[in-house]
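Just below is one structure, and these are the notes that go with it.
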Amino acid sequence: MAYSEKVIDHYQNPRNVGSFGTSKDVADRKDIGVGIVGAPECGDVMQLQLRINDEGVIEDAKFKCFGCGSAIASSSLATEWIKGKSVDEALTIRNTQIVEELSLPPVKIHCSVLAEDSIRSAIADFQKKNGIVPANAVGAAAAH
Amino acid sequence: MAYSEKVIDHYQNPRNVGSFGTSKDVADRKDIGVGIVGAPECGDVMQLQLRINDEGVIEDAKFKCFGCGSAIASSSLATEWIKGKSVDEALTIRNTQIVEELSLPPVKIHCSVLAEDSIRSAIADFQKKNGIVPANAVGAAAAH
Amino acid sequence: MALKFPIYMDNAATTRTDPRAVEAMLPYFTEKFGNSASRNHVFGWDAEDGIEIAREHAASLIGASSKEIIWTSGSTESNNLAIKGTARMYAKSPEGTKNRGHIITCVIEHKAVLDPCKRLEREGFDVTWITPPPDGVVTRQMIAEAIRPDTILVSIMWVNNEIGTINEIPEIGKLCHEKGVIFHTDATQWVGKMPTDVERDCIDLMSWSSHKMYGPKGVGALFVRRRSPRVRLEAILDGGGHERGMRSGTLNVPGIVGFGKACELCCESMDADRERLFGLKQKLERELTSRLEVAQVNGHADRRVPHIANISFGYVEGESLLMGIKEIACSSGSACTSASLEPSYVLKNLGIGDELAHSSLRLSIGRWTTEAEIDYAIQAIEKSVNHLRTLSPLWDLFKEGIDVSKIEWQSH
Amino acid sequence: MALKFPIYMDNAATTRTDPRAVEAMLPYFTEKFGNSASRNHVFGWDAEDGIEIAREHAASLIGASSKEIIWTSGSTESNNLAIKGTARMYAKSPEGTKNRGHIITCVIEHKAVLDPCKRLEREGFDVTWITPPPDGVVTRQMIAEAIRPDTILVSIMWVNNEIGTINEIPEIGKLCHEKGVIFHTDATQWVGKMPTDVERDCIDLMSWSSHKMYGPKGVGALFVRRRSPRVRLEAILDGGGHERGMRSGTLNVPGIVGFGKACELCCESMDADRERLFGLKQKLERELTSRLEVAQVNGHADRRVPHIANISFGYVEGESLLMGIKEIACSSGSACTSASLEPSYVLKNLGIGDELAHSSLRLSIGRWTTEAEIDYAIQAIEKSVNHLRTLSPLWDLFKEGIDVSKIEWQSH
């Protein structure tokens, strides 16, 4: 169960680590969407913060992750992929793409699911703050 | 379970191998006592023939043995020990003495028992042929 | 080349480990010494790689997929797991009840099959014990006659370890698959020596052991079929869930690596070894039976593996014969391989007679047996049999024309 | 001396085989390669001699008589044989009934004890599962409170394999002998490292494994008391009656010889090894807990063996920490040693919290661990923990003064 080279690279040089402020700091900022998924007792927690402009484009993304190397790599990769994308484009990212890109073994698929969840969760937070009702809200929630 | 040196010596150079004739030949000879004990299906048969003179002294003894090395050694040793002894002296030989002399392991004690039996059986045959009722006939039979 | 003594002709008891297998093992003691269950470091990964390469070799030796190989500590454990594991998994009623299911086996199986079957009898299973005819071969017909609607398992060895007879395993396998009965074979004396294809031959469970095929002791394998049918087993050793939950416990990494290498070597040299050993065995049997009176080869005339010869020399006790040919290491039906002094139950049960069982010699040859050793053995055995016959009261009786079996013996 | 990477600190999972043990084994593969059950030739006798010398070494390491040592394939088999063998032999009512007898064990035992006990529960035995307090120590008092008139077996490990805590084994042994209850201990992490006297400490059955004490994998032993009381067991592996009928199967001669040599070496160097390892472990724990915030040593403060350190580093996930210190081979409570991703049930059951279980590192040292390696490990772990905390959202929350355990997490 050695890690793939891409996982090791993301682990050693994680992209976009950090945040735009503490939870309290960003709670009222309408340009920031925050997603926190997972739980400490499950061994992984991912925090994703997105800065989204008026056109609905993700201008910047920051993550923090408590989790194994595959979880760190999955969230790091997610930030890379969504930066510059529109919210709608970001929502098309599927965990299977992350699995493929990072060559995750079956026992680590849950890490990719968590990353996809964190994107959806952060976008939902942004939409909620801005009173946007997503077209496919029910569908998206049912997907997990 | 290597064999003791004495067993090996008796096996390689058995003393007093042979007979004074076939069973038929010696059937009517009153100076010969024949003992055949054991059974082929048990893996050992010992045949002991004794030539006994008028004073009741065992002048000569011959054996044949179908059995393991310890059985061959036990019967070979028995012939050595009884030659020149009186019938009464021969009857005092106990299997435990054979065990000791040959350093037989516990699993081979039955070989020494067989040798003792063959002596008793041959002497009983001699006594029967000559109409001698042994003093301790009942006791001897009960001993086995 | 000068002979080296003692000459080893007890390859059915165990084989010398091939030095190439030992060499393959060595790094796994002191360098790649990890626990194959350690998932987080290179010591564990190296160990796991070693295990999986070995699994491929073991699987390809028998025509299986590597996922169908379960590592055990040897054939005894494989047999116990296969037989008890199947019976307990497919039992038709719970513990403590009767008529829990029917099992078919044979009275000349190895004790590692007989004893588990006896235990299952006590646990409420019904066992049919087939007694083969004197040639020792268990046929499809015998099994067909014994199968019942409640039969859950047939366990028949591929080759008998004492007489080397080959049972009708492919035929029995096909029958079992037709009838929907699980089929186990103890192939300890077969695998590595003869071509094996569990798929073609409809085997569901197959036990074999490393140390009978030039691998190290302490390792065995159980083939467990994964499809058509997928065989399930109740584990005997619980704890940790190794080997797909069927056999827990830290894997014997160096042992398994050595076993794997031994499988690879057998794949390579099986055909050549088999032909050579067959020639040597033929010579041994032909010479001994022609030079000596009342000498008979036990078991079927043709259906026998090339490495086991079992010969009875009438009126000579086997253990004393062993002592007479002490420069040849072999075994006899007279002294059981375990601590008991009972004669071989295999020969007894074949109706050969206790007497000829006591007079039997098993000579089992192997990869390093030479023709010079065979020639030496022929000479030594001939000489010793003749010597012991001069000591044998039974030989005299035979020579007088008396039928020894008709005498009423004074048993003690 | 330059460090050699990776540094091995997973000695509780398995140890490197001592090269002297390997050397002792070598002749038994290719020269003295006989089956120890072969009674009729020198190959068999040599093998048996090797076995019996090893038995003496194993016995004298634990203060037993050599007749009380049964060879197995490892601790898992020893534990299964001891626990199932005792229960089935001393059952108070037959299979298929309820209330067949009472067994006491503990929730943080090795799976090789837990799983057999669970199986016995299904077979109609009643099991009391003791949960020790957070310090992990099972005391005489806890057993005294659990013993009932129908208790047949107490099975408590000597040392816990994850946290290294030492249970009150001599005290529990004496209690069991007073009460007439059979006492088994899984001493896998104890024997060879700490002085052992089964006689003084009233042990009836004791399991241990070669590969945890610098011997080869694939071999274990079970001590079975022969007098006061004479313990009887129902075998798990049937067939042939080896090992006094308690464990059939061809003995792993080279493995046993290597195990025997490892026992001898442990006898010689135990005192020196123990003191040295204790010093190294103290340094490791002291430095890491003083250099890093929110780092706690798991298990009892003092009652711990010298070779196992288990430390939780708050807000850092264990598997990612292992990845950060990949030049150190060790393990974490986060990724179980078997294929499961569940966090350590040992740490969970001690009430340490799942979160700290996920944040734990087990560093287990051994005969070849050097002080330079310890120093390196301290540096590497400190650096990696600090790095991972910069990535950790939980660390931020902690630093903001938020109690992470009070947050309602969106579990997935």
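Numbers restart at 1 for each chain; the letters A, B, ... are given by sequence-line order, proteins then strands.
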Quiz: residues 23-34 of chain D side-chain donor-acceptor pairs under 3.5 angstrom, not counting sequence neighbours:
none

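- For C/Thr97, no part lies near chain D; criterion is any non-hydrogen pair under 4.5 Å.
- Considering only heavy-atom pairs separated by less than 4.5 Å from chain C, the leading option among D/Arg119, D/Glu77, D/Glu234 is D/Arg119.
- Nearest heavy atoms, C/Val42 versus D/Pro6: CG1-CG, 3.4 Å.
- Heavy atoms closer than 4.5 Å to chain D are found in the side chain of C/Pro254, but not in its backbone.
- Residue D/Ser209: no heavy atom, backbone or side chain, is found under 4.5 Å from chain C.
- At a 4.5 Å heavy-atom cutoff, the contact between C/Ala235 and chain D is made by backbone and side-chain atoms alike.
- Here the closest non-hydrogen pair linking C/His41 and D/Ala329 is CG-CB, 3.4 Å.
- In this structure, C/Asn35 and D/His211 have side chains that are in contact, with non-hydrogen atoms separated by less than 4.5 Å.
- The minimum heavy-atom distance linking C/Ile236 with D/Leu237 is given by the pair CG2-CD2, 4.4 Å.
- Both the backbone and the side chain of D/Val253 come within contact range of chain C, with heavy atoms under 4.5 Å apart.
- Take D/Asp186 and apply the side-chain hydrogen bond (donor to acceptor under 3.5 Å, both in side chains) test, not counting sequence neighbours, and it matches D/Asn79, D/Thr188.
- A distance of 11.5 Å separates CZ in C/Phe43 from SG in D/Cys330, rounded to the nearest 0.5 Å.
- Contact annotation for C/Asp115: both backbone and side-chain heavy atoms come within less than 4.5 Å of a heavy atom of chain D.
- Of the residues considered (C/Lys217, C/Met323, C/Lys326), C/Lys217 shows the highest number of contacts with chain D, using heavy-atom pairs under 4.5 Å.
- In summary, C/Lys84 and D/Asp238 engage in a salt bridge, as defined by a charged side-chain N under 4.0 Å from a carboxylate O.
- Of the atoms belonging to D/Arg16, heavy atoms from both backbone and side chain fall under 4.5 Å from chain C.
- Most heavy-atom pairs under 4.5 Å with chain C, from the set D/Val22, D/Asn80, D/Thr72: that is D/Asn80.
- Highest contact tally toward chain D, considering only C/Ile256, C/Leu81, C/Thr250, is held by C/Thr250 [criterion: heavy-atom pairs under 4.5 Å].
- Here the side chain of D/Asn40 pairs no donor or acceptor atom with the backbone of C/Ser331 at under 3.5 angstrom.
- Listed options C/Gly44, C/Ala47, C/Pro116 were ranked by heavy-atom pairs under 4.5 angstrom with chain D; first place goes to C/Pro116.
- C/Arg247 and D/Ser73 are linked by a side-chain donor-acceptor pair at a separation below 3.5 angstrom, with hydrogens and angles left out of the test.
- The minimum heavy-atom distance between D/Gly249 and C/Thr76, with the atom names listed, is CA-OG1, 3.4 Å.
- For a residue to count as touching a neighbouring chain, one of its non-hydrogen atoms must lie under 4.5 Å from one of that chain's; by this rule C/Leu114 does not touch chain D.
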